[in-house]
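Just below is one structure, and these are the notes that go with it.
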Amino acid sequence: MISIDLIREQPDVVRDAALRRGDDIQVDRILELDSRRRELIAEGDELRARRNQVSKALGETKEKPPEVLAEMRQVGARIKELEAEARTNDGELQALLLAVPNIPDADVPAGKDDSENVVIRTVGELPSFDFEPLPHWELGENLGIIDFTAGVKLSGSRFYVLKGKGATLQRALISWLLNLHTREHGYEELYLPYIVSRETVTGSGQLPKFADTMYHDDEDDMWLVPTAEVPITNMHGGDILSADQLPLNYVAQTPCFRREKAAAGRDTRGIKRVHQFEKVEMYKFVEPSESPAALDQLVADAEDVCSQLGIPYQVKLQCTGDMGFSVVRTYDVELWAPGCGEWLEVSSCSNCTDFQARRANIRYRPEVGARPRFVHTLNGSGLGIPRTMIAILEHYQQADGSVMVPEVLRPCTGFDRIG
RNA sequence: GGAGAGGUGGCCGAGCGGUUGAAGGCGCUGGUCUCGAAAACCAGUAUGGGAUUUAUCUCAUCGUGGGUUCGAAUCCCACCCUCUCCGCCA
């Protein structure tokens, strides 16, 4: 959520920023509702002040003049009217404010979709094969480690089963990642609920706008997490942190549940886009002045994973049209998958500045006695597991159909080759 | 799931219709004292909204939402959460 002060002071900046993303927002209506809001508060407060004064006086004497009581009854009724109008007014205002996206950084390239994202750097040589590299869905089936039929049998399309060394490879990858981030990158590990309340899913911004992208339990009104970002953001919801608690760096591995309705028909082969997948998520709560550097660190941590896996990757800066709603700047990290012949987004690292913090009400006190300020939040995958598995399988495949395990994972897998 | 107890400021805890935004204690910050520290003493110490001549004025908030009343932390209703015991269970 953006600050109402910013819209009041610089409506054009906010409007133009939304247009750069391809969103049209109702700035004029927001300003109108905001000024009505203040009128309602002024009148209501005045009446409440009078009522408080009279009630106090009545409390001090035994006299209860009926005409005063009658007048106060009217004042009370008017206050109720004003409160009702304020509720409707604020409801509409809130809804419109929640639809205003964050302001992209000035140097973020304009563009309408991911085709206009800008490659910042490419690291590592694209491998050449003296045989035709296979896509992971063929490798996985040939090796008996990915069973698509079983997934469909159990749950339907976009579900799969990992078997044998495939399942072990995933488990090894997860523990290697968590070890790396906790031991070398300075993150604290969290184990989180995978099913969260409506309040939690609202605090991080998925509700109300993205309700149909999540799985939901009607009976208890609980939601399956689409990313660890949801519970982590709300860990400190409503808190006022002290400056010496910052920065907070968290890492958590969770499954992510996504209905993928909007992507019907896209990426239907393999495990690139599925309804349930594992992800290791990095998350930072920092002081505002620190957030640009924290974003660079997040990207560096994701890149370190790619380098250590020994797979070529590239870093892209998202253009305005591809950026998420709550971010000012996002870098994607993509691993090269020679079998499907494409760069796979395995991490998306974003600076949300105070946008999420404002919504989830996460503040800190810069110094003892100072007014609380909103923190800045950042998140980045480190990494998404299925796509990393794809890159590993396709990059390390051999002419005989087997797959070598990357060096760094071998202590965790206990084997160096699949097949 | 059943029975009971309870949710008050950073924490503990009083209050149970009217000078209570809230006693008292702890903590924290500043000061006095001290070579320094501790102790003691003194002072200060919530968050958010609105107005503003930025000195200040005002409103809201005692789990949440309603209700009663001139007036609610205090009474009534609903919901949420925590704890204890019983049941069930990985």
Side-chain angles (χ1 to χ4, degrees), chain A residues 1-9 30-98 191-203 207-208 216-223 231 234-246 248 255 285 354-375:
Chain A
M1 183 158 61
I2 212 104
S3 144
I4 182 71
D5 296 330
L6 186 64
I7 301 180
R8 259 183 228 155
E9 283 155 27
I30 288 173
L31 291 173
E32 201 177 304
L33 289 163
D34 177 52
S35 96
R36 180 61 186 151
R37 171 171 174 272
R38 285 184 284 171
E39 283 171 20
L40 290 167
I41 288 171
E43 189 181 346
D45 278 3
E46 213 171 298
L47 291 175
R48 267 184 288 263
R50 166 140 175 79
R51 182 173 72 180
N52 287 345
Q53 206 181 341
V54 171
S55 294
K56 195 168 163 185
L58 282 171
E60 281 161 2
T61 65
K62 281 188 220 96
E63 311 283 303
K64 310 288 179 214
E67 68 276 11
V68 174
L69 296 189
E71 190 210 332
M72 284 304 108
R73 257 189 289 268
Q74 270 186 11
V75 167
R78 177 64 186 149
I79 289 172
K80 280 209 171 117
E81 272 173 40
L82 290 167
E83 281 172 349
E85 191 185 339
R87 248 195 306 277
T88 329
N89 193 80
D90 286 359
E92 192 187 340
L93 178 58
Q94 204 63 11
L96 290 179
L97 277 177
L98 288 176
Y191 166 76
L192 299 159
Y194 304 156
I195 307 173
V196 296
S197 66
R198 167 174 294 271
E199 200 184 10
T200 296
V201 138
T202 306
L207 282 183
H216 176 238
D217 168 50
D218 282 319
E219 201 169 352
D220 295 322
D221 194 19
M222 298 291 276
W223 303 73
N234 286 279
M235 282 270 294
H236 295 290
D239 285 1
I240 300 176
L241 303 160
S242 62
D244 59 18
Q245 285 177 271
L246 299 176
L248 285 166
F285 296 86
D354 62 356
F355 194 87
Q356 277 184 334
R358 193 180 297 281
R359 183 159 181 158
N361 197 24
I362 308 164
R363 291 168 293 171
Y364 80 106
R365 211 180 288 282
E367 290 135 44
V368 175
R371 274 195 79 194
R373 291 187 62 187
F374 290 108
V375 301

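Reminder, nothing fancy here: chain letters follow the sequence lines and each chain counts from 1. Computed from heavy atoms alone, side chains included, the values below leave out hydrogens, waters and symmetry copies.
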Checklist outcome for this item: Residues passing the salt bridge (Lys or Arg N to Asp or Glu O under 4.0 Å) test with A:Arg363, sequence neighbours excluded, are none
Next on the checklist: With a 4.0 Å limit, can you tell me whether A:Arg37 has a side-chain N or O closer than that to the phosphate oxygens OP1/OP2 of B:G50?
Outcome noted: yes
Item to check | Closest contact, heavy atoms only, A:Ile2 versus A:Ile7 | outcome: CG2-CD1, 3.5 Å
Show which side-chain atoms of residues 366-373 of chain A pair as donor or acceptor with protein atoms under 3.5 Å away, not counting sequence neighbours.
none

Checklist entry - Taking the P atom of each, how far is B:C77 from B:U84, in whole Å? => result 27 Å
Checklist entry - What is the distance, rounded to the nearest whole Å, between atom CZ of A:Arg365 and atom C1' of B:U29? => result 12 Å
Item to check | Sub-4.5 Å side-chain heavy-atom contact between A:Met1 and A:Gln356 | outcome: no
Next on the checklist: Taking Watson-Crick (N1-N3 plus N6-O4 or O6-N4) and G-U wobble (N1-O2, O6-N3), each under 3.5 Å, can you produce the dot-bracket string of RNA chain B? Use [ ] for crossing pairs and | for inter-strand ones.
Outcome noted: ((((((((.[[[..)..(.....]]]((((((.......))))))((((((....)))))).[[[[[..)....]]]]])))))))....
Checklist entry - Rounding to the closest angstrom, what is the interatomic distance between B:C28 and B:C81 at atom P? => result 35 Å
Checklist outcome for this item: Rounded to whole Å, the CG-C1' distance (A:Asp34 to B:G50) equals 11 Å
Next on the checklist: At a heavy-atom distance below 4.0 Å, what parts of residues 72-94 of chain A sit against RNA chain B?
Outcome noted: A:Met72, A:Arg73, A:Lys80, A:Arg87
Checklist entry - Where is the tightest heavy-atom contact between A:Pro231 and A:Thr200, given as atom of each residue plus distance? => result CA-CG2, 4.3 Å
Checklist outcome for this item: Separation of B:G48 atom C1' from A:Ile4 atom CD1, nearest Å, is 16 Å
Next on the checklist: Between A:Glu71 and A:Arg50, does any side-chain N to carboxylate O distance fall below 4.0 Å?
Outcome noted: yes
Item to check | Spacing of the C1' atoms in B:G50 and B:C42 (rounded, Å) | outcome: 36 Å
Checklist outcome for this item: The salt bridge (Lys or Arg N to Asp or Glu O under 4.0 Å) partners of A:Arg87 (sequence neighbours excluded) come to none
Item to check | Euclidean distance for C1', B:C59 against B:A37 (whole angstrom) | outcome: 46 Å
Item to check | Same-atom distance (C1') from B:G18 to B:A3, integer angstrom | outcome: 38 Å
Next on the checklist: If the condition is salt bridge (Lys or Arg N to Asp or Glu O under 4.0 Å), which residues does A:Glu199 pass it with, not counting sequence neighbours?
Outcome noted: none
Next on the checklist: So which atom in A:Leu47 and which in A:Val75 form the shortest heavy-atom distance, rounded to 0.1 Å?
Outcome noted: O-CG1, 3.9 Å
Item to check | Rounded distance (Å) that lies between atom C1' of B:G49 and atom CG of A:Asp5 | outcome: 11 Å
Checklist entry - What pairs with A:Asp244 under side chain to side chain contact (heavy atoms under 4.5 Å, CB included), at least two apart in sequence or on another chain? => result A:Ser242
Next on the checklist: What is the separation between atom CD on A:Glu43 and atom C1' on B:G49, rounded to the nearest whole Å?
Outcome noted: 17 Å
Item to check | Partner residues of A:Ala42 under the side chain to side chain contact (heavy atoms under 4.5 Å, CB included) criterion, sequence neighbours left out | outcome: none
Item to check | Heavy-atom pair with the smallest gap, counting every atom of A:Lys64 and A:Leu58 | outcome: NZ-O, 2.7 Å
Checklist outcome for this item: note: A:Ile240, atom CD1; B:G10, atom C1'; distance rounded to Å ~ 10 Å
Item to check | B:G48 phosphate, OP1 or OP2, under 4.0 Å from A:Arg363 side-chain N/O | outcome: yes
Item to check | Separation of the C1' atoms in B:G66 and B:C11, to the nearest angstrom | outcome: 31 Å
Next on the checklist: If you compare all heavy atoms of A:Leu246 against all heavy atoms of A:Val375, which two are closest, and at what distance to 0.1 Å?
Outcome noted: CD1-CG1, 4.1 Å
Checklist entry - How far does the C1' atom of B:U54 sit from the matching atom of B:U58, given to the nearest Å? => result 15 Å
Could you write out each protein N or O paired with an N or O of nucleotides 57-61 of chain B at a distance under 3.5 Å?
unit_1 : atom_1 : unit_2  : atom_2 : d
B:C59  : OP1    : A:Asn52 : ND2    : 3.2
B:C59  : O2'    : A:Asp45 : OD1    : 2.9
B:C59  : O2'    : A:Arg48 : NE     : 3.3
B:A60  : OP2    : A:Asn52 : ND2    : 3.4

Checklist outcome for this item: A:Tyr364 and A:Phe374 have their tightest heavy-atom pair at CE2-O, 3.9 Å
Listing time: all N or O pairs from protein to nucleotides 78-80 of chain B that are below 3.5 Å?
none

Checklist outcome for this item: Atom CD of A:Glu39 and atom C1' of B:G49 are separated, to the nearest Å, by 16 Å
Next on the checklist: Is the shortest side-chain heavy-atom distance between A:Asp218 and A:His216 below 4.5 Å?
Outcome noted: yes
Next on the checklist: Using atom C1' in both nucleotides, what's the gap between B:G24 and B:G63 to the nearest angstrom?
Outcome noted: 24 Å
Checklist entry - Is a donor on one side and an acceptor on the other found under 3.5 Å between the side chain of A:Asn89 and the backbone of A:Leu33? => result yes
Checklist entry - Rounded to whole angstroms, how far apart are CD on A:Glu71 and P on B:U69? => result 17 Å
Item to check | salt bridge (Lys or Arg N to Asp or Glu O under 4.0 Å) against A:Glu43, all qualifying residues, sequence neighbours excluded | outcome: A:Arg78
Checklist entry - Base, backbone or nothing for each nucleotide of nucleotides 15-23 of chain B, written B, S, -, heavy atoms under 4.0 angstrom, 5' to 3'? => result ---B-----
